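Here the structure is a predicted model, which is why all the values come from computation and not from measurement. In what follows, every chain begins at residue 1, and chains take the letters A, B, ... in the order their sequences are listed.
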Amino acid sequence: MKKNEPVAALLIILATVGTVVGILAYEKYARSGLYTVELIARSPLNGNWLARIPGGGWQSRKFTVPYGEETAIRIRNIETVSHGFALPDFKVEPPINEIKAGEVKIVKFVADKKGVFPFMCTVWCSNEHLQMNGEMTVE
Amino acid sequence: MVYGLWFMANSAFAAERLIEVKAKKFVYTPNIIKVNKGDTVKLRLISEDVHHGFFVDGYGVKTSAHPGQEGSLQFVADKAGRFNFRCSVTCGALHPYMIGYLYVSPNYLFWGGAFLVIFLGLISLISALRKKQKDERLKLFGIIPLDWRFPVTKFKPVRALLKSRWFPLLPIIFNLFVFTIILMAGFIGGLSAGNYNFGVMIVWILWWVLLMTFMVPIIGRFWCMMCPFPLIGDWIQRGKLVNVGRQKSWGLGKRWVSKWRNLWPLVVLFWVSTWFSGFFTVKPFATFVLLGAIILIAIITALFFEKRTFCLFICPVSGFQGLYSNFSLFGVRSRDPEICKKHVPKTCVVGSEKGYGCPWMELPYEMNRNTYCGLCFECLKTCPYDNMDVVLRPFGQDLFAERRRTDDVYNRRGTDEAFKALTMIGIFLSFFLAFQGPFGHLKDMVTAKTFGGYLGYLSESFSVDFLLLPGLTLLFAYLSKKFSGNKEVKLKQVFVNFAYCFVPVGLAVWAAFSLGIILPNGSYLLHIISDPFSWGWNLFGTSSIPWTPVFTGIMPYLQVLATAIGLLFALDFGYKFSLRTYATVEEAKRGWVPILVFLVGVHIFFIKLFTG
């Protein structure tokens with residue numbers, strides 16, 4: 001009977017704090033190796049594209065990838081409408097027609113050219129759809 | 001050309017129907033399409049804002065359209081009835097509720113359903129009129145005695161489980177784990193699509209549907225048993241998590257205002273919480289805020305008030321679970337009243353070293369109604385004579401129980417429970433029309449697109465829930481009293497007694513409503529358990545399963561069936577209420593007629609809502 005209290009406390013801490021820590025750790029350590037850049041797709045009125053480079057913080061409509069390497073971009077559509085993604089100067093695999101609301105896609109390409117290249121949304125997502133674009137720097 | 005089509009559509013021959021549908025968040029124009037059975041429907045779908053889809057329930061055909069890139073669809077309307085067509089591409093917060101109606105006439109189901117309702121009404125009327133004298137024992141449908149009981153705790157493992165201090169703590173800890181993920185998903189999900197969010201889907205699709213179709217009608221306050229929200233409050237009050245700590249609260253332990261020791265606070269609070277239904281049922285962050293607020297209020301209440309005051313008088317979803325669990329199959333009851341009479345002090349009330357005095361402030365030894373029993377099983381643990389049982393009994397036993405509770409006013413049949421039963425019907429109506437109806441302007445009102453529209457929704461909801469439905473019930477109660485010829489009985493008593501007919505009715509229409517939510521949208525659950533945070537996870541390999549509506553063809557039939565079952569119980573109970581209300585069988589027969597007409601009318605309206 002005396003051992004009951006610590007066991008219950010442990011179970012409760014595991015169910016709450018343990019769950020949160022476990023989820024964040026899994027995402028950070030087990031999955032961050034899957035991609036180099038994380039892109040969040042948002043309509044221009046909601047803040048437009050947002051990019052995160054591992055260890056590099058957040059940037060609006062801009063990101064940089066290293067030259068000559070295979071790059072993986074994880075694109076998360078956190079909105080309630082469909083978006084798309086195109087990087088016309090590179091051969092992106094697998095090609096993407098549409099990223100539906102709530103969907104996450106990982107695309108890969110080899111950054112074999114140096115310079116600044118445009119990327120954009122390919123699905124009519126709002127009246128401001130044509131402004132939903134950004135620039136990728138390869139260096 | 002148009003005239004020709006119109007002419008052909010009205011002829012008995014199969015025709016070709018060209019229909020152009022415009023889709024816009026969250027309504028189709030036209031929102032109602034009428035064709036005849038056998039027609040070939042050729043449809044053009046044009047989107048006016050974002051990528052929308054068009055899926056036809058029962059037919060399973062679909063198309064989609066981007067702005068400037070139309071979709072097309074062709075099918076033969078070979079199934080008759082009313083079918084929802086709904087958006088199949090997530091297009092915004094209210095996407096799962098973007099719906100239109102396709103009528104393929106003749107609508108056999110509506111006429112069949114309405115006929116069924118009238119038929120049941122007639123059967124009930126005939127059997128009531130043939131009655132000569134009051135039965136000695138009330139029997140459900142004239143077969144199962146309503147006072148029949150079977151103690152499930154007769155089985156030793158069941159009693160051992162319920163007497164363990166780890167039960168129901170372990171289910172509570174499991175739900176704590178689930179709700180931790182729900183809160184996290186709600187917070188991370190922000191304003192993203194609700195149908196791809198773990199929090200929104202588990203709470204408003206899975207939990208609500210399980211509650212209304214299984215938990216409440218079968219086991220009563222089964223959810224209250226394993227709800228994780230009061231855990232922290234209990235710990236603060238008791239100083240122990242699993243073992244028995246202080247019987248008297250560590251907090252202030254104040255008593256709830258005696259005027260409000262009834263369902264009235266919950267009638268009002270649940271109604272107020274439906275003001276925000278257009279937000280927290282679709283937006284993850286709103287779900288987070290709502291659940292977070294409930295958890296905080298539960299903790300604060302536990303600090304100031306005694307025991308489970310929060311569950312009894314504040315938790316918005318407690319009220320209907322309490323009222324409806326009077327219909328449920330299970331209940332906690334004492335076995336031998338003689339043992340209880342001699343037992344002093346009563347450990348089920350004051351507690352012992354084995355468990356706490358009833359946290360729900362019931363008197364378990366004389367409890368005969370379920371409204372305020374939270375199924376915590378403390379009384380099974382504290383009773384030294386194993387005189388407390390969990391009993392299986394016929395549906396609705398408690399609806400006939402008069403409570404003679406001496407210490408307090410609560411847990412009696414009264415206007416509070418009557419209004420709870422009636423407001424639940426009104427809330428169902430608003431929810432059905434807004435979330436399963438084809439009316440775009442109603443969706444705009446509920447989600448407060450304009451302030452004026454939102455005020456319109458609130459005043460509509462108030463008028464229907466607190467004026468129209470109680471008013472109609474009062475009117476028919478008045479007619480019932482007039483017809484019966486009984487001058488002694490008070491009108492208030494007639495109103496309250498017959499309002500309990502709406503307990504099985506409420507459960508039935510909410511179950512029918514739930515089917516309309518889970519069958520089309522249940523497949524999202526497979527996605528969200530694999531990818532709860534929309535981070536691209538695939539825990540169980542099910543995250544790429546697309547939206548797949550199931551059984552949408554038989555859904556209206558199931559809804560008609562649920563409505564008919566609700567009516568069957570309402571008619572059976574209603575006549576028994578009449579016998580109890582009036583002095584003689586003759587008065588009861590005459591007094592029953594207006595109520596029967598009212599119930600049949602209400603159910604024809606429900607059939608119209610689901611199929612017509």
Side-chain angles (χ1 to χ4, degrees), chain A residues 1-24 26-28 30-32 34-35 38 40-43 46-47 72-84 97-106 121-127 129, chain B residues 25 47 49-52 64 66-69 89-95 165-166 169-170 172-181 183-185 188-197 228 231-232 235 240-243 245 282-283 524 527-528 531-537 543-544 546-547:
Chain A
M1 282 292 273
K2 269 196 177 163
K3 279 188 191 147
N4 279 356
E5 286 298 313
V7 172
L10 183 70
L11 285 176
I12 288 168
I13 290 167
L14 273 181
T16 51
V17 182
T19 307
V20 174
V21 171
I23 287 166
L24 294 177
Y26 176 66
E27 176 63 19
K28 192 163 168 59
R31 288 179 42 82
S32 59
L34 297 176
Y35 54 92
E38 178 180 350
I40 290 179
R42 299 183 300 182
S43 306
N46 295 339
I73 307 180
R74 177 172 78 153
I75 310 160
R76 288 170 56 204
N77 179 358
I78 62 159
E79 294 207 313
T80 56
V81 297
S82 294
H83 289 296
N97 293 323
E98 184 175 356
I99 308 166
K100 289 185 177 160
E103 244 187 336
V104 181
K105 292 219 161 139
I106 293 184
C121 174
T122 54
V123 171
W124 194 272
C125 55
S126 66
N127 286 339
H129 162 65
Chain B
K25 291 178 181 180
S47 169
D49 44 22
V50 295
H51 189 186
H52 284 291
S64 80
H66 287 271
Q69 195 181 331
V89 178
T90 306
C91 60
L94 259 75
H95 152 71
R165 288 234 51 96
W166 286 99
L169 185 66
L170 286 179
I172 289 173
I173 294 177
F174 174 74
N175 279 323
L176 198 63
F177 162 71
V178 176
F179 271 79
T180 303
I181 305 177
L183 281 170
M184 217 177 144
I188 292 168
L191 301 177
S192 65
N195 48 321
Y196 282 118
N197 187 272
L231 183 69
I232 299 170
W235 176 63
K240 288 272 197 280
L241 289 166
V242 57
N243 290 338
V282 293
K283 295 203 158 82
Y524 287 127
H527 174 88
I528 57 107
D531 188 11
F533 307 104
S534 290
W535 281 344
W537 289 16
S543 77
S544 56
W547 174 71

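Side-chain N/O atoms of B:Gln69 and A:Trp124 include no donor and acceptor closer than 3.5 Å.
Heavy atoms of B:Trp235 lying under 4.5 Å from chain A are absent altogether. For B:Thr180, the part lying under 4.5 angstrom from a heavy atom of chain A is the side chain only. Only the side chain of B:Val89 comes within contact range of chain A, judged by heavy atoms closer than 4.5 Å. Within the 4.5 angstrom heavy-atom criterion, only side-chain atoms of B:His66, from C-beta onward, approach chain A. Neither the backbone nor the side chain of B:Ile172 has a heavy atom closer than 4.5 Å to any heavy atom of chain A. Heavy atoms of B:Tyr196 lying under 4.5 Å from chain A belong exclusively to its side chain. Heavy atoms closer than 4.5 Å to chain A are found in the backbone of B:Leu191, but not in its side chain. Interface remark: B:Leu231 contributes side-chain atoms only to the contact with chain A (heavy atom separation under 4.5 Å).
A:Ala8 and B:Leu169 get closest at one heavy-atom pair: CB-CD2, 4.2 Å. Residues B:His51 and A:Ser82 share a closest heavy-atom pair of ND1-OG, 3.9 Å. What you find for B:Ala193 and A:Ala101 is that their closest heavy atoms are CB-CB, 4.1 Å.
Between A:Asn4 and B:Trp166, the closest side-chain pair of non-hydrogen atoms falls below 4.5 Å. Side-chain contact between B:Val242 and A:Glu5: present, with at least one pair of heavy atoms (C-beta onward) separated by less than 4.5 Å. Within the 4.5 Å cutoff, the side chain of A:Leu11 has heavy atoms near those of the B:Leu170 side chain. For the pair A:Leu24/B:Phe533, no side-chain contact is recorded, criterion being any heavy-atom separation below 4.5 Å from C-beta on. Annotation: side chain of B:Thr90 is not in contact with side chain of A:Lys100 (no heavy-atom distance under 4.5 Å).
Among A:His129, A:Glu27, A:Glu79, A:Arg74, the residue with the largest count of heavy-atom pairs under 4.5 Å with chain B is A:Glu27. Chain B forms the most heavy-atom pairs under 4.5 Å with one residue out of A:Leu14, A:Ile23, A:Asn46, A:Val7, and that residue is A:Ile23. When the candidates B:Gly190, B:Ser534, B:Ser544, B:Pro228 are compared by the number of heavy-atom contacts under 4.5 Å with chain A, B:Ser534 comes out ahead.
The distance from atom CG of B:Asn197 to atom CD1 of A:Ile78, rounded to the nearest 0.5 Å, is 11.5 Å. The CD1 atom of A:Ile12 sits 4.5 Å away from the CG atom of B:Leu241 when rounded to the nearest 0.5 Å. The OG atom of B:Ser192 sits 12.5 Å away from the CZ atom of A:Arg42 when rounded to the nearest 0.5 Å.
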List the steps, then state whether side chain to side chain contact (heavy atoms under 4.5 Å, CB included) holds for A:Val81 with B:Lys25. CA-CA 10 Å; A:Val81 297; B:Lys25 291 178 181 180; 3.7 Å; yes
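With sequence neighbours excluded, no residue forms a side-chain hydrogen bond (donor to acceptor under 3.5 Å, both in side chains) with A:Glu103.
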